[in-house]
J.: 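Please read through the structure below; I'll follow up with questions.
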Protein chains: 2
Amino acid sequence: MQADMREPDSTQGVITMLQAIGGKWKPLILFILLNEGTKRFGQLRRQLTNITQGMLTNQLRELEQDGLIVRRVYQEIPPKVEYELSEHGRTLKTVLGEMCTWGYRHLDFLNGEKVSAGPSER
Amino acid sequence: MQADMREPDSTQGVITMLQAIGGKWKPLILFILLNEGTKRFGQLRRQLTNITQGMLTNQLRELEQDGLIVRRVYQEIPPKVEYELSEHGRTLKTVLGEMCTWGYRHLDFLNGEKVSAGPSER
DNA sequence: CGGTATCCTAATTGATACTG
DNA sequence: CAGTATCAATTAGGATACCG
């Protein structure tokens, strides 16, 4: 760990990270590809139940342009397109894993530590 | 490490994480408080050079409500308000550190690896 | 099946002015 | 100094229809 900490106090690294995978769907797409490997367009669409075709296409294109995923097109009928993490995309494994782990820890915090903080009336 | 991985394949953890610190400024605010400790309102405002008063107040309030930071008000003239990470907020150290590290790695990738990676024939 | 194009709404963001 | 309130601008996100 700590392979590269040239400016630990600078927000530059965090800013770059947010620009690359900061959207609403990108972390989820990357997380699925990381855990389940290569996926077809339709498979991703089914798993991200609330996403629309247009949004999924858009997010996948941006991830591809950032070099995080690879798009493989099979020239056949019916069409078949597969997506998978690139070599560089796989370096996200640690970050995404930590994000997931902390998310669960935060859920515990919200459920356990806040017993005296009344229901969320909205 | 890997203290809690109850559903590694589920996106639940990532979703929770995004809801808690998913904004544009929150990771930066938390990162600064993590690395530099307690900060006054004006200090944060100076470091986040592009943020407006309203935005900073809004983000700090949400972070406070999520139990990630602590707001300490000094009843004096002129007013003085300090912010610092809560106990729970400090558990973000690993995640934020990984985010920063990966961001720098991504910068290297964008600047260096792309000279020979021309197979993106679209 | 896997897109693309268009339009639309809602959430973020930012500038400005005012207050205790 | 540290807010609060308001409004305008931008952007992200989403529904629908059509195409190769």
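Below, chain A is the first sequence line, B the second, and so on; all start at residue 1.
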J.: Check the phosphate of dG14(D) against Trp25(A), side-chain N and O only, distance under 4.0 Å to OP1 or OP2. Yes or no?
T.: yes

J.: What is the distance, to the nearest angstrom, from the CD atom on Gln19(A) to the C1' atom on dA12(D)?
T.: 15 Å

J.: Write down the distance between CG (Asn50(A)) and C1' (dG14(D)), rounded to a whole number of angstrom.
T.: 11 Å

J.: For Asn58(A) and dT6(C), what is the distance between atoms CG and P respectively, to the nearest whole Å?
T.: 15 Å

J.: Using atom CG of Leu56(A) as one end and atom P of dA5(C) as the other, report the distance to the nearest whole Å.
T.: 16 Å

J.: Give the rounded distance in Å between these two atoms: CD of Gln75(A) and C1' of dG2(C).
T.: 12 Å

J.: Just compare dA2(D), dG2(C), dT4(D) and give me whichever is closest to any side-chain atom of Val81(A).
T.: dG2(C)

J.: Looking at the side chain of Arg61(B), which of dA2(D), dT4(D), dT13(C) is the nearest nucleotide?
T.: dT4(D)

J.: Nearest whole Å is fine: how far is dG14(D) P from Leu48(A) CG?
T.: 11 Å

J.: Figure out the CE/C1' separation between Met55(B) and dT10(D), and round it to whole Å.
T.: 13 Å

J.: Determine the contact category for Tyr74(B): base if any of its heavy atoms lies under 4.0 Å from a base atom, sugar-phosphate if only primed atoms, P, OP1 or OP2 are that close, otherwise nothing.
T.: nothing

J.: Would you mind reading off the distance between Ile77(B) atom CD1 and dC1(D) atom P, rounded to a whole angstrom?
T.: 12 Å

J.: Please determine, by modelled atom types, if Glu82(B) and Tyr74(B) share a side-chain donor-acceptor pair under 3.5 angstrom.
T.: yes

J.: Please determine whether a side-chain nitrogen of the Lys or Arg among Glu84(A) and Lys39(A) lies less than 4.0 Å from a carboxylate oxygen of the Asp or Glu.
T.: no

J.: Below 4.0 angstrom from OP1 or OP2 of dG3(C), is there any side-chain N or O of Arg40(A)?
T.: no

J.: A quick test of your reading: do over 12 heavy atoms of other residues, nucleotides or ligands sit less than 6.0 Å from CD of Gln43(A)?
T.: yes

J.: Closest nucleotide of DNA chain D for Pro79(A) versus for Gly23(A): which of these residues is on the 5' side?
T.: Gly23(A)

J.: Of all the choices, dT4(D), dG14(C), dA2(D), which nucleotide is nearest to the side chain of Lys24(B) once you look at every atom?
T.: dG14(C)

J.: Using a 4.0 Å heavy-atom cut-off across all strands, classify Arg45(A) as base, sugar-phosphate, or nothing.
T.: nothing

J.: Is it true that atom NZ of Lys93(B) has more than 12 heavy atoms of other residues, nucleotides or ligands lying nearer than 6.0 Å?
T.: no

J.: Ignoring backbone atoms, test whether Arg72(B) places a side-chain nitrogen or oxygen under 4.0 Å from the OP1 or OP2 oxygen of dA2(D).
T.: no

J.: May I ask you to say what Pro78(B) touches in the nucleic acid, namely base, sugar-phosphate or nothing, with a heavy-atom cut-off under 4.0 Å?
T.: sugar-phosphate

J.: Closest-nucleotide mapping onto DNA chain C: is Gln59(B) or Gln53(B) further toward the 5' terminus? I mean the 5' end.
T.: Gln59(B)

J.: For the residue pair Thr94(A) and Trp102(B), confirm or rule out a side-chain donor-acceptor distance under 3.5 Å.
T.: no

